[in-house]
Each structure stands twice: as structure tokens, then as C-alpha cells.
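No experiment lies behind these values; they were computed from the predicted model shown. Side chains are part of it too, since the values below use all heavy atoms of this structure and drop only hydrogens, waters and symmetry mates.
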Amino acid sequence: MKKLLFFPIIMLALQSCAQKKDYNLIVGTYTNTGKSEGIYVYDFDANTSAFKAKSVIKNVENPSYLALGDGNKTIYAVNETSGTSAVTAFTFDAPSGKLTLINKQPTNGADPCFIIADQKNVITANYSGGSISVFGIEKNAALSPIKQLVKHSGRSVDKDRQGSSHVHMVQFSPDHKYVVVNDLGTDKVYTYAYNPNGGNKVLSIKDSVAINPGAGPRHLVFSKDGKYAYLIHEIDGGITVFSYSDGNLTEIQETKITEDGFKGENGAADIHLSPDGKFLYASNRGSENKITIFAIEKGGLLSVRGYVPTLGKGPRNFAIDPSGKYLLVAHQYTNNIVIFERNVETGALTDTGKRIEVGAPVCLIFAPVK
């Protein structure tokens, strides 16, 4: 009798282990290419990399970058449309993947290209506007009218790319006391003290750090322990490694994402850590279309572990699923998402052969299904 009972228990345990590990994969796109209809949501199984379309919300202009709201019940999207640029709020039903429009507010700064959100505020980086827009979040998750607009000024050495400020990213510090801002046009990284209940002064300048002239600061990511930050440069393909403490960034290393002897065109784009904090990945567009793999060594320093072609054109953005097993690359110009399997021990990437066909994808976000 005991043996008969034991067998069903084993079977139930095996079935439990084989259960799907599902996430929502949310994709922001450029709709002005005619290839995309809006924001797409897919079911993604992190055990097998299987995917299935769940929903799409249409009639949203250029929702190029997205942010999940607190509790994963809302999504905020920039509308990158030059002088009419805005930010839009949606409710998000995770089980179905359905988005429902709440409201929309102008950014008062052209071409927002990055967005973050917490319980109190939504903040955008406005590339052409050279500014930062801050919106409050109302009780129904709607966006308030703009509360604060912070304008940057200045330029750097590249006359074509850096004739004025181009704010490219806003990022909360690990302790949430600051917002770090990358300005491609001025070759500076700014730190603002963050007061979420500050009315019309949510952000107050604390400090700025100058980057190598002509570098073009684009995206920044903090280490898992919050002690280091990694900044990718769009124009020169470099990476600056900083130590970080209480709003202060101190440079400790300069490296690059290109191989020695590279003579092509740089277009460094995105940078992410593996969930275990052991590896750093950085993408390069331009003429290269590769991802560089770094190991994070003692003291937060980087060492190159390899270079992998992304198998498409324009790897604008990529994301690692929460389990760390897969890395997905969004190709803006070949209209697809390439799925790589990631070796968690070595950091190496292997093509799964799987592709998600979607028009002009430029932002990938994973979110829980429940």
C-alpha cells in the first residue's frame, strides 16, 4: 500500500518541476515605420523559450520606451513624436496581457526616449528637448499634468551629435534617494536628489560627472550590490565603471565594447546585468551589430569574455528574462526579436533559432503573469 501511494507523489513532484515558468514580455515599438501597431504583449516560458502573442494595444504613437508601474498593474509609455511628444498611462491586466488607456500628458520636451516610474512619480528623459519631465501619479494611476521640467544646457565636441543637450536616460539610484541622468549632448552624468513628495521640485541637482569628450553617455546600470555603476557611451563605444556611494560617482575603470582594431561605426545602445550580478552585457549597433560579454571581477571591474553577433540589424534594446536563462535582442531595423540561451556559468550566448517577428521593436520588459 505504501508503494502505491509513493508513486503518485513522485509523479506530482515531477509534474510540478515541469510546470511552465511564465512571464509577460512587453514590447515597445516605433509605429511610424508602418511595421508596428503599438505595444505588444507575449507569453514567454522561461523553461523552454516558447512564446505566444497575447495582446496588442493599437493607436499608440511611437511607444518606444516603457516602464512598469508599482505593483505591475500599470504601464507608462513615452510617445516619441517630436514637438507633440507625450507620455501615456495604461492599466495592465497581467493574466490576459490587456492594456487599457487611462490618460495622456504632454512632456513639454521633444522626443522622450526613456521613462521610469515608482509609486509617486513618472519621469521621462527627453532627447531632443534636452530635458527631464516629472509627472505625479494620481489615485486612479492617471498621470498628473507635468509637475517639473528640468532643462539642461551645454554642448560637447561632436558638432553633429553634441550641439546641444540630449538627455538619454533617467535611472533611480539603488537606495531610491537619487535620480541619475545621462546627457549624451553634454558628455555628463548628473545626479539629482529625489524628493517624491516635493510638489514642483521633485528633483534637485546634487552633482555632475564629466565623461570623456565625444563619448556620448547613453545608458547606465547599477551592480547588484549597488556599489558600482556601468555607463555605456553611444558615440565612442566605451564603458565607464564607477564606484557609487550616496549619490556620488567616482570613475575606477575605462574600457570598450569593441575588439582591438575595430574601424567601423559605433552605435552603442544598451547595457544590462545578469540576474545573478556576475556578467554584464552591452550592445553595439552601427556597423557591428554585436553584444559584448563582460565578467564582473573583484572590485566591480570588467573583463571581456566574448563578442556575439546579434543576428539582426539595430540591436537597440535587449533584456534578460528574470530566471537568467535567456537573453532577447530587439532589432529595430530587421523587425524581430532574436532569442539566445545564456550559459549561467560562463555568460556565453547561443542562438536558439527562435524569432519573434514584430515591427521596429525598441524596448523589452518582462513582468509577472500573476
Shortest non-hydrogen contact from [X] to [Y]?
| X | Y | result |
| --- | --- | --- |
| Lys21 | Asp45 | N-OD1, 3.3 Å |
| Gly277 | Ile296 | O-CD1, 3.6 Å |
| Leu273 | Ile320 | O-CD1, 3.6 Å |
| Ala94 | Pro368 | CB-O, 3.5 Å |
| Asp351 | Ile339 | OD1-O, 3.7 Å |
| Ala77 | Phe90 | CB-CE1, 4.0 Å |

In terms of the angle between their ring planes, are Phe318 and Tyr281 parallel, tilted or perpendicular, with boundaries placed at 30° and 60°?
->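 If you compare the ring of Phe318 with that of Tyr281, the planes turn out perpendicular.
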Under 30°, 30 to 60°, or over 60°: which ring-plane class applies to Tyr42 and Tyr40, parallel, tilted or perpendicular?
->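 Aromatic pair Tyr42/Tyr40 classed parallel.
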Between Arg305 and Glu297, is the closest basic N to carboxylate O distance under 4.0 Å?
->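 So Glu297 pairs with Arg305 through a salt bridge.
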Quick one: do Asp70 and Lys120 make a salt bridge, cutoff under 4.0 Å?
->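 Salt bridge absent between Asp70 and Lys120.
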So, [X] and [Y]: side-chain donor and acceptor under 3.5 Å apart, yes or no?
| X | Y | answer |
| --- | --- | --- |
| His331 | Asn336 | yes |
| Asn126 | Ser133 | yes |
| Asp93 | Ser96 | yes |
| Tyr30 | Glu80 | yes |
| Lys147 | Asn121 | yes |
| Asn284 | Asn266 | yes |
| Thr29 | Ser36 | yes |
| Lys54 | Asn24 | yes |
| Thr240 | Glu254 | yes |
| Thr81 | Asn62 | no |
| Ser85 | Asn79 | no |
| Ser49 | Lys354 | yes |

Within the 4.5 Å heavy-atom criterion, are [X] and [Y] side-chain neighbours or not?
| X | Y | answer |
| --- | --- | --- |
| Val170 | Thr124 | no |
| Glu251 | Val209 | no |
| His168 | Glu234 | yes |
| Leu99 | Thr91 | no |
| Lys325 | Arg342 | no |
| Leu220 | Val180 | yes |
| Leu302 | Leu280 | yes |
| Leu231 | Asn182 | yes |

Do the ring centers of Tyr65 and Phe114 come within less than 6.0 Å of each other?
->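 Ring-ring flag for Tyr65/Phe114: true, centres closer than 6.0 Å.
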Would Phe222 and Tyr244 count as a close aromatic pair, with their ring centres under 6.0 Å?
->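 Distance test on ring centres: under 6.0 Å, yes.
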Quick one: OH on Tyr192 to NZ on Lys206, what's the gap to the nearest 0.5 Å?
->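 One gets 13.5 Å once the value is rounded to the nearest 0.5 Å.
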Can you measure from CG (Leu143) to CD1 (Ile102) and round to the nearest 0.5 angstrom?
->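 Interatomic distance, Leu143 CG to Ile102 CD1, rounded to 0.5 Å: 7.5 Å.
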Stepwise side-chain hydrogen bond (donor to acceptor under 3.5 Å, both in side chains) check, Asp118 with Tyr194 = CA-CA 12 Å; Asp118 64 4; Tyr194 178 57; 2.7 Å; yes
Worked verdict on Phe44 versus Phe366 for ring pair (Phe, Tyr, Trp, His ring centres under 6.0 Å) = CA-CA 9 Å; Phe44 184 83; Phe366 283 100; 5.5 Å; yes
Can you establish whether the number of heavy atoms outside [X] located under 6.0 Å from its atom [atom1] is more than 12?
| X | atom1 | result |
| --- | --- | --- |
| Gln162 | CD | yes |
| Asn140 | CG | yes |
| Glu345 | CD | no |
| Asp246 | CG | yes |

Derivation of the side-chain contact (heavy atoms from CB on, under 4.5 Å) call for Ser82 and Asp111 | CA-CA 5 Å; Ser82 191; Asp111 298 320; 4.1 Å; yes
Taking only distance into account, with no hydrogens and no angle test, what donor-acceptor pairs under 3.5 Å do side-chain atoms of residues 255-262 form with protein atoms, sequence neighbours excluded?
unit_1, atom_1, unit_2, atom_2, d
Lys256, NZ, Asp260, OD1, 3.0
Glu259, OE2, Lys290, NZ, 3.1

Which one of Arg316, Arg285, His219 satisfies the side chain to side chain donor-acceptor pair (under 3.5 Å) criterion with Asp270?
->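 It is His219, the one option of Arg316, Arg285, His219 that forms the side chain to side chain donor-acceptor pair (under 3.5 Å) with Asp270.
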With side-chain hydrogen bond (donor to acceptor under 3.5 Å, both in side chains) as the test, would you mind laying out the steps for Ser128 and His166 before giving the verdict?
-> CA-CA 6 Å; Ser128 299; His166 295 302; 5.3 Å; no
